[in-house]
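Bear in mind the structure is a predicted one, so any value in this text is a computation, not a measurement. Hydrogens, waters and symmetry mates are skipped; everything else that's a heavy atom, side chains included, is used. Throughout, protein chains are lettered first and strands after them, A, B, ... in sequence-line order, and every chain is numbered starting at 1.
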There are 2 protein chains.
Amino acid sequence: MTPTLAAQPVFRRKSLHEDLTEGIREQIVNGSLAPGTKVPEKELCLHYGVSRTPLREALKALATDGLLTLEPNRGAWVSKITQEDLDEVFPVMGALEALSGELACKHITAAEVRKMRTLHNKMVKYYEQRDLANYFDVNQHIHEAILDAARNETLSTQYRSLATRVRRARYVANMTQERWAQATDEHEQIMQCLEKRDGQGLSVVLKTHLENKLATVRDWLKDNDQPPAA
Amino acid sequence: MTPTLAAQPVFRRKSLHEDLTEGIREQIVNGSLAPGTKVPEKELCLHYGVSRTPLREALKALATDGLLTLEPNRGAWVSKITQEDLDEVFPVMGALEALSGELACKHITAAEVRKMRTLHNKMVKYYEQRDLANYFDVNQHIHEAILDAARNETLSTQYRSLATRVRRARYVANMTQERWAQATDEHEQIMQCLEKRDGQGLSVVLKTHLENKLATVRDWLKDNDQPPAA
DNA sequence: TCATCAAAAAATGCATTCATAATTCATAAT
DNA sequence: ATTATGAATTATGAATGCATTTTTTGATGA
């Protein structure tokens, strides 16, 4: 008996440079490609087992995202995270996050709210266990869920592109106990706004939440310098 | 007598793919590459007199910007402007424009305000002469000036990338006399907010201004279909 | 010892080439 | 006449090669 055609998933073949883009993006975000350092084109070719052509296409794409800086005839460099960058990026993220809050309250379904409450409880559990890695992970999912609920692909794309640029910093920046408690509390407020469909309120909470995050990262940056290269 | 070295401008050599990116972007924005059509890779190579390698790098970059859609093994297509796109893009632009208004009022200098008033007067003159092309041009400059005054590169970049996607539509969408008068009036309000450094007010006016623009473009879209290809 | 400059080495930008996938077109079958 | 099949054509994805630029290295002189 042969399976029906409809039962088969659509086979969408990804091209090599797309995979590379994601792979290298991940390397930048998790820090294995450090900010301020040169991108070792040859090494990456060996590592991924590809030629320079698709690799360089991926680099161009990442540069458009702002994760890399291309200097003509001098190659690609991992963009540094500077104080100025953060002060630039966070207000923009704030504006986008505020919008996502408003839109999410307009479009979110009851089922989605319930799902998010579950996620939230899970996160609180990790907070109580002081399990930072899992806390971060679930946290990420919650913010993604808010974006999804906003039903605006453009917004999601723009936000994610900015978030990627600062996520590197957020990963390494350790939270104090107080900040962590505060962040968790803010998340409780986020949930309540969602449950009340209070778009205005959610806007404000999300913006505050982000501003506090900025403060954390800023503190960390003060104590941690990066390589001097551009 | 040889010129001194210092007198020479820093010769920043642009790489080929950067030029190409700009050239093709322009072709998309001004409509000579129509939405929904396939990008003729070979033709463009001949036109610009380059090989496929830098051209394809440019295409990748434009795809990251959302101006093109890449289908694996099937090439690049000019993204269509759909009703849904606009309804997605404009709220995001609105949020960014509101932020730019607030920031601009904080950072703009008196000299900049004067310069903008000059621009504004020029634009009004073109309005009175019903010179749409020049009106658009100066209009563009004014909005750029507001972005510049916000002193936030990230914001400018994000905004421009979105603006590019809808500019194609704005170009072709004809304004009615009423709409044109209204837009000009809104610009007068923008100037007054800037002169008073009224960030809140400017936010609101810019957002309204944009919403009206959306209405214009939306009307146009209703009457103008695009090729059916993805 | 340090600075300067030249030559060698390495890396980048771009063109070309090759393999593979997609599209078109002609032919055959219903 | 219309649809399906398969070969020919075309276009894309990726690797390689070459010319040019940048960087490094090392030798020379102060």
Fill in: A/L16 CG to D/dA15 C1', straight-line distance once rounded to whole Å
11 Å
Worksheet item: B/E41 or B/T53: which one's nearest nucleotide on DNA chain D is closer to the 5' end?
Response: B/E41
Fill in: Side-chain donor-acceptor pair present, B/D85, B/T82, cut-off under 3.5 Å
yes
Worksheet entry | Spacing of A/K42 atom NZ relative to D/dA15 atom P, expressed in whole Å | 15 Å
Practice prompt. Describe, in one word, how the ring planes of B/Y135 and B/W180 are oriented to each other, choosing from parallel (under 30°), tilted (30 to 60°) and perpendicular (over 60°).
Written response: perpendicular
Discussion item. Take a 6.0 Å sphere around NE2 of A/H107 and say whether it holds more than 12 heavy atoms from other residues, nucleotides or ligands.
Written reply: yes
Worksheet, complete the sentence: Between CG of B/N73 and P of C/dA22 the distance, given in whole Å, is 5 Å
Practice prompt. Provide the Watson-Crick or G-U wobble partner of C/dA28, both distances under 3.5 Å; none if there is no partner.
Written response: D/dT3
Worksheet item: Think B/R74 has a side-chain N or O under 4.0 angstrom from the OP1 or OP2 of D/dT12?
Response: no
Practice prompt. Find which nucleotide of DNA chain C each of B/P54 and A/G75 is nearest to by heavy atoms, and output the residue with the more 5' nucleotide.
Written response: A/G75
Worksheet item: Is any side-chain heavy atom of B/N139 less than 4.5 Å from a side-chain heavy atom of B/Y126?
Response: no
Worksheet, complete the sentence: As its Watson-Crick or G-U partner within any shown strand, both distances under 3.5 Å, D/dA30 has C/dT1
Worksheet entry | Nucleotide C/dG13, atom P - distance to CG of A/L70 in whole Å | 8 Å
Item to complete: Could you check whether the rings of A/H120 and A/H187 sit parallel, tilted or perpendicular, using 30° and 60° as the cut-offs?
Response: parallel
Response to the item:
Rounded to whole Å, the CD-P distance (A/E18 to D/dT12) equals 16 Å
Worksheet item: Does OP1 or OP2 of C/dA15 have a side-chain N or O of B/S51 closer than 4.0 Å?
Response: yes
Worksheet item: Does OP1 or OP2 of D/dT12 have a side-chain N or O of B/K38 closer than 4.0 Å?
Response: yes
Worksheet item: What integer distance in Å separates A/K60:NZ from C/dC14:P?
Response: 8 Å
Worksheet item: Can you find a side chain N or O atom of A/R52 that sits less than 4.0 Å from OP1 or OP2 on D/dA15?
Response: no
Discussion item. Using the side-chain heavy atoms of A/R56, tell me which of these nucleotides is nearest: C/dC14, D/dT22, D/dT12.
Written reply: C/dC14
Discussion item. Can you measure A/E71 atom CD to D/dT21 atom C1' for me and round it to whole angstrom units?
Written reply: 14 Å
Discussion item. What is the separation between atom CG on B/L55 and atom C1' on C/dG13, rounded to the nearest whole Å?
Written reply: 15 Å
